[in-house]
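Each remark here refers to the structure printed beneath this line.
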Amino acid sequence: MNKLVFIFLLVCVGCKDEDPGLSSPEGNWVYTTPDNKIAVTFEVIKTPSGDFDIQNQTMKINGVAANAEKEVVGFTTTSFEKIRINANDAQAVYPFNIVFSDGKLSGDFMSITVPTATYTYPWGTTNSLADITIQRF
């Protein structure tokens with residue numbers, strides 16, 4: 001009987017659950033410009049058609065939260081063509097925005113590498129970004 005209990009314990013120890021990791025871009029993401037003037041968060045969701053979209057987008061302009069709208073083009077499991085998030089709030093006064101172009105998702109779905117992006121701050125000034133990373137949170 002003791003051998004049977006011992007074998008059972010060995011099997012149980014060997015059956016430890018492993019974290020399978022993430023298997024899609026679905027989840028919450030965040031990016032802040034290097035000058036901390038524009039910060040965005042968004043949730044990636046899977047649409048009924050199997051593509052991806054974003055929702056619950058937020059934008060902070062110089063630390064002040066503003067309602068935000070979005071435009072998403074060509075978001076798949078591995079990449080997207082464009083994500084644009086813009087302020088849509090009288091409190092923001094102007095429609096500040098950030099545009100991410102040609103994003104590539106990492107294999108572990110923990111980051112998105114974006115070769116080029118632009119953002120508006122202050123109003124009327126477009127700033128360019130290169131080789132940035134959007135992080136999952």
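These figures come from a predicted structure and were not determined experimentally. As a basis for the values below, the full set of heavy atoms in this structure was taken, side chains included, without hydrogen atoms, waters or symmetry mates.
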>> If I compare all heavy atoms of F52 with all of V72, which pair ends up nearest, and what's the gap?
In response: O-CG1, 4.3 Å
>> In this structure, would I85 and W123 fall into the same cluster of hydrophobic residues linked by side-chain contacts under 4.5 Å?
In response: yes
>> Students often mix this up, so state it plainly: with edges at 30° and 60°, are the rings of F75 and F80 parallel, tilted or perpendicular?
In response: tilted
> Can you tell me if D89 uses its side chain to pair, donor with acceptor, with the backbone of N67 under 3.5 Å?
Replying inline: yes
>> Are V93 and M59 linked, directly or through intermediate hydrophobic residues, by side-chain heavy-atom contacts shorter than 4.5 Å (ILVMFWY only)?
In response: yes
> Could you walk me through whether I83 and Q57 pass the side-chain contact (heavy atoms from CB on, under 4.5 Å) check?
Replying inline: CA-CA 11 Å; I83 293 177; Q57 62 277 0; over 6 Å; no
>> Once rounded to the nearest 0.5 Å, what's the spacing between atom OG1 of T58 and atom CZ of F42?
In response: 10.0 Å
>> To check you understand the geometry: which heavy-atom pair defines the closest contact between E43 and N28, and what is its length?
In response: CB-OD1, 3.4 Å
> Do V99 and I112 share a hydrophobic cluster, counting only Ile, Leu, Val, Met, Phe, Trp and Tyr and linking them when any side-chain heavy atoms are less than 4.5 Å apart?
Replying inline: no
> For the residue pair Q135 and M110, what are the closest heavy atoms and their distance?
Replying inline: OE1-O, 3.7 Å
> Which atoms form the tightest heavy-atom contact between N97 and R84, and what is the distance?
Replying inline: ND2-NH2, 3.6 Å
> How close do P115 and S101 get, heavy atom to heavy atom, and via which atoms?
Replying inline: CD-O, 3.5 Å
> Are I134 and I45 linked, directly or through other ILVMFWY residues, by side chains that come within less than 4.5 angstrom of each other?
Replying inline: no
> Step by step, would you call T32 with K60 a side-chain contact (heavy atoms from CB on, under 4.5 Å)?
Replying inline: CA-CA 9 Å; T32 302; K60 284 189 178 179; over 6 Å; no
> If only atom types and distance count, is the side chain of S106 paired as donor or acceptor with the main-chain N or O of S111 below 3.5 Å?
Replying inline: yes
>> Could you walk me through whether I61 and I38 satisfy the side-chain contact (heavy atoms from CB on, under 4.5 Å) test, starting with their C-alpha distance in whole Å, then the side-chain angles of each, then the deciding distance to 0.1 Å, before giving a yes or no?
In response: CA-CA 5 Å; I61 303 152; I38 302 289; 4.1 Å; yes
> Who pairs with Y31 by ring-ring contact (aromatic ring centres under 6.0 Å, His included), at least two apart in sequence or on another chain?
Replying inline: F100
>> Rounded to the nearest 0.5 Å, what separates atom NZ in K70 from atom CG in N56?
In response: 10.0 Å
> Can you find a pair of side-chain heavy atoms, one from T41 and one from F137, that are under 4.5 Å apart?
Replying inline: yes
> To the nearest 0.5 Å, what is the distance between CG (D53) and NZ (K46)?
Replying inline: 13.5 Å
Distance-only donor-acceptor hits, side chain of residues 124-132, under 3.5 Å, sequence neighbours excluded:
from	atom 1	to	atom 2	distance (Å)
N127	ND2	Y121	O	2.6

>> Is there a continuous path of hydrophobic side-chain contacts, each under 4.5 Å between heavy atoms, that joins L22 to V30?
In response: no
> Of all residues at least two apart in sequence or in a different chain, which pass the side chain to side chain contact (heavy atoms under 4.5 Å, CB included) check with D35?
Replying inline: T33, K37, Y119
> Counting N and O atoms only, with roles assigned by atom type, does the side chain of Q91 sit under 3.5 Å from a partner on the main chain of A65, one being a donor and the other an acceptor?
Replying inline: yes
>> Working note: T77 + F109, criterion side-chain contact (heavy atoms from CB on, under 4.5 Å); need CA distance, chi angles, decisive distance, verdict.
In response: CA-CA 9 Å; T77 304; F109 297 103; 3.8 Å; yes
